[in-house]
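Source: prediction; values computed, not measured. For this chain, numbers begin at 1 and follow the sequence in order.
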Amino acid sequence: MGNLSEAARRRIAAAILVVGIAVAALAIADVGPFSDPPTEAERAQSAVEGFFAAAQDRDFKSVCGQLTTEEQRVVEQRAGSVAAEQGFEGCDQILKQFLGDQLAQTRIAKVVDVRVSGNQAVVDANLRSPGSDGPRSATFHLFLIRGEWKIDDLGV
């Protein structure tokens with residue numbers, strides 16, 4: 001096999017093996033040239049999951065941050081005079097007082113479907129709520145606003 005000594009051939013084989021392992025590790029870790037950025041559908045799904053994770057943590061400021069400005073106003077308007085009488089202001093205080101326990105205990109049982117068209121997305125999921133016999137289906141409408149998916153239909 002040419003002019004290479006047995007030791008040189010072993011070193012070359014070892015180097016090729018190490019490079020192969022490094023390339024495989026990068027591919028498995030999904031980094032470098034193998035990185036696979038999330039799709040818009042994955043990002044929309046993540047926004048809905050983040051909404052429920054924030055609710056579970058009782059971080060209602062973050063919960064409201066997952067909503068569009070219009071949906072935050074809808075929450076505030078629906079609570080209306082009752083919230084004003086009790087001194088609650090803003091989406092986060094209203095959700096905490098009126099839906100806090102319910103939202104904190106609601107879990108996504110399964111994401112059924114995610115559809116994206118331009119700056120709009122729809123996430124269909126099955127939710128488990130406290131006191132319910134089984135999961136119920138829910139549909140979340142989202143808009144892409146300044147690079148972030150925001151829920152535009154909370155359904156409350």
Side-chain angles (χ1 to χ4, degrees), residues 1-75 90-96 99-156:
M1 202 171 156
N3 296 333
L4 293 177
S5 69
E6 182 68 25
R9 279 187 267 153
R10 286 185 181 170
R11 285 188 198 120
I12 291 170
I16 291 172
L17 181 62
V18 167
V19 168
I21 291 171
V23 168
L26 287 173
I28 291 169
D30 204 19
V31 296
F34 303 101
S35 67
D36 183 19
T39 65
E40 290 303 318
E42 291 169 334
R43 291 181 61 228
Q45 177 177 334
S46 180
V48 174
E49 291 168 343
F51 174 85
F52 285 100
Q56 184 178 356
D57 293 341
R58 296 188 176 276
D59 181 0
F60 292 102
K61 193 164 267 318
S62 292
V63 168
C64 288
Q66 295 288 339
L67 303 176
T68 62
T69 304
E70 292 78 16
E71 186 63 11
Q72 290 176 27
R73 276 196 283 265
V74 167
V75 168
C91 173
D92 59 326
Q93 289 183 10
I94 291 168
L95 285 180
K96 180 179 180 180
L99 295 174
D101 290 336
Q102 183 76 18
L103 274 176
Q105 295 175 31
T106 299
R107 305 283 183 272
I108 297 175
K110 179 182 179 185
V111 173
V112 177
D113 190 30
V114 181
R115 299 174 303 283
V116 175
S117 179
N119 70 338
Q120 298 182 47
V122 175
V123 176
D124 295 319
N126 292 333
L127 304 178
R128 287 201 184 274
S129 299
S132 66
D133 293 336
R136 67 175 175 86
S137 62
T139 299
F140 299 91
H141 298 270
L142 296 91
F143 283 105
L144 187 61
I145 300 172
R146 290 186 291 284
E148 290 186 48
W149 285 104
K150 301 285 184 176
I151 298 171
D152 191 56
D153 183 6
L154 185 56
V156 293

Please enumerate all residues that pass side chain to side chain donor-acceptor pair (under 3.5 Å) together with S62, with sequence neighbours excluded.
D59
For D101, check side chain to side chain donor-acceptor pair (under 3.5 Å) against everything at least two apart and list the hits.
R58
For the student: nearest non-hydrogen atoms of W149 and Q66, plus distance:
O-OE1, 4.2 Å
What are the two closest heavy atoms between V114 and A41, and how far apart are they?
CG1-O, 3.4 Å
Could I get the full list of salt bridge (Lys or Arg N to Asp or Glu O under 4.0 Å) partners for [X], not counting sequence neighbours?
| X | answer |
| --- | --- |
| E49 | none |
| K150 | E148 |
| K61 | D92 |
| E40 | R43 |

Go through the structure and list residues passing side chain to side chain contact (heavy atoms under 4.5 Å, CB included) with S5, not counting sequence neighbours.
A7, A8
Is there a donor-acceptor pair closer than 3.5 Å between any side-chain N or O of Q72 and the backbone N or O of C64?
yes
Any donor-acceptor pair under 3.5 Å from T68 side chain to E71 backbone
yes
Between [Y] and [X], is there a side-chain heavy-atom distance shorter than 4.5 Å?
| X | Y | value |
| --- | --- | --- |
| F51 | L67 | yes |
| T39 | V116 | no |
| Q45 | E42 | no |

Distance check, rounded to the nearest 0.5 Å: Q56 atom CD versus T106 atom OG1?
10.0 Å
If you look only at distance, which donor and acceptor atoms sit under 3.5 Å apart when one is on a side chain in residues 125-147 and the other is two or more places apart or in another chain?
| from | atom 1 | to | atom 2 | distance (Å) |
| --- | --- | --- | --- | --- |
| S132 | OG | S129 | O | 2.7 |
| S132 | OG | G134 | O | 3.3 |
| T139 | OG1 | D124 | OD1 | 2.8 |

Under the salt bridge (Lys or Arg N to Asp or Glu O under 4.0 Å) rule, what pairs show up with a residue in residues 102-112, not counting sequence neighbours?
none
Does R115, at its CZ atom, have more than 12 non-hydrogen atoms belonging to other residues, nucleotides or ligands within less than 6.0 Å?
yes
